[in-house]
Amino acid sequence: MAFCRGWEFGLIVFAWRGKPGAVPPGLATRRQLRMIGLRPNGQGAQALLWFRHRKPYRREEMADLFRVDLAAPVRPLNAARIFALDKAMAARRWCPQCQRDVGYCVPTSYKRCWTCFEANEYAEAC
């Protein structure tokens, strides 16, 4: 038996609180669906799961719960999707300042590779 914590956005809210029976059987989060090889299949959230996050600055989290019986199998990767993912990852490795592939994902906070960032920081300090 699962205990309801209330209602939010018209959906039932269940509280995790570290108890295995906190959510009724037949409901799962996206991550749990993915672990068993399923996807939500376009269905909307049926309920919400409220839990406290480990990181102190994140505090409380809400996760959507989906019905497992309405979920569909994950679509397999085909050649076009693999090519698109490779192209997207290559774009993330491209430094816009020095115009080269640096071999790692360029940090979004600096928007350039570490070599360009350090050279610019050194030039500004002098």
Side-chain angles (χ1 to χ4, degrees):
M1 172 154 195
F3 293 102
C4 173
R5 188 172 188 270
W7 294 83
E8 188 149 338
F9 309 116
L11 298 172
I12 298 175
V13 177
F14 295 102
W16 170 244
R17 296 193 193 274
K19 298 180 182 108
V23 177
L27 292 176
T29 62
R30 282 183 195 273
R31 186 171 286 184
Q32 291 169 338
L33 286 175
R34 192 63 162 188
M35 285 173 48
I36 56 176
L38 299 173
R39 61 187 169 92
N41 195 23
Q43 65 173 309
Q46 305 297 316
L48 297 171
L49 176 64
W50 175 86
F51 61 96
R52 289 194 180 271
H53 206 275
R54 289 183 190 146
K55 297 180 182 175
Y57 60 87
R58 303 260 314 254
R59 309 245 186 241
E60 299 172 355
E61 295 274 335
M62 292 284 242
D64 294 337
L65 292 170
F66 302 95
R67 286 181 43 189
V68 177
D69 59 339
L70 297 179
V74 175
R75 293 187 203 116
L77 283 176
N78 58 14
R81 289 178 69 191
I82 292 171
F83 178 74
L85 289 171
D86 288 341
K87 192 173 175 183
M89 289 305 294
R92 290 183 63 194
R93 292 190 311 263
W94 189 261
C95 176
Q97 191 166 350
C98 63
Q99 297 292 313
R100 64 185 179 96
D101 185 352
V102 292
Y104 56 87
C105 289
V106 175
T108 56
S109 55
Y110 302 122
K111 295 186 176 51
R112 53 189 161 195
C113 66
W114 288 111
T115 309
C116 296
F117 176 74
E118 289 175 350
N120 194 12
E121 289 293 311
Y122 179 74
E124 288 177 2
C126 293

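Basis for what follows: all heavy atoms, side chains included, without hydrogens, waters or symmetry-related copies.
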Participant: Show the nearest heavy-atom pair for residues C113 and V102, with the distance to one decimal.
Facilitator: CB-CG1, 3.5 Å
Participant: What pairs of donor and acceptor atoms, side-chain ones from residues 64-74 against any protein atom, are under 3.5 angstrom apart with sequence neighbours left out?
Facilitator:
| unit_1 | atom_1 | unit_2 | atom_2 | d |
| --- | --- | --- | --- | --- |
| R67 | NE | D69 | OD1 | 3.1 |
| R67 | NH2 | D69 | OD2 | 2.8 |

Participant: What I'd like to find out is whether the side chain of Y110 reaches to under 4.5 Å of the side chain of C116, using heavy atoms alone.
Facilitator: no
Participant: What distance separates K111 NZ from S109 OG, expressed to the nearest 0.5 Å?
Facilitator: 7.5 Å
Participant: Do you know the tightest heavy-atom contact between Q46 and L27?
Facilitator: CB-CD2, 4.1 Å
Participant: With sequence neighbours left out, what residues match R31 under side-chain contact (heavy atoms from CB on, under 4.5 Å)?
Facilitator: T29
Participant: Which side-chain hydrogen bond (donor to acceptor under 3.5 Å, both in side chains) pairs, counting each pair once, include a residue from residues 90-107, with sequence neighbours left out?
Facilitator: R93-D101
Participant: Before giving the answer on side chain to side chain contact (heavy atoms under 4.5 Å, CB included), spell out for D86 and M89 the whole-Å C-alpha distance, their side-chain angles and the decisive distance to 0.1 Å.
Facilitator: CA-CA 5 Å; D86 288 341; M89 289 305 294; 5.7 Å; no
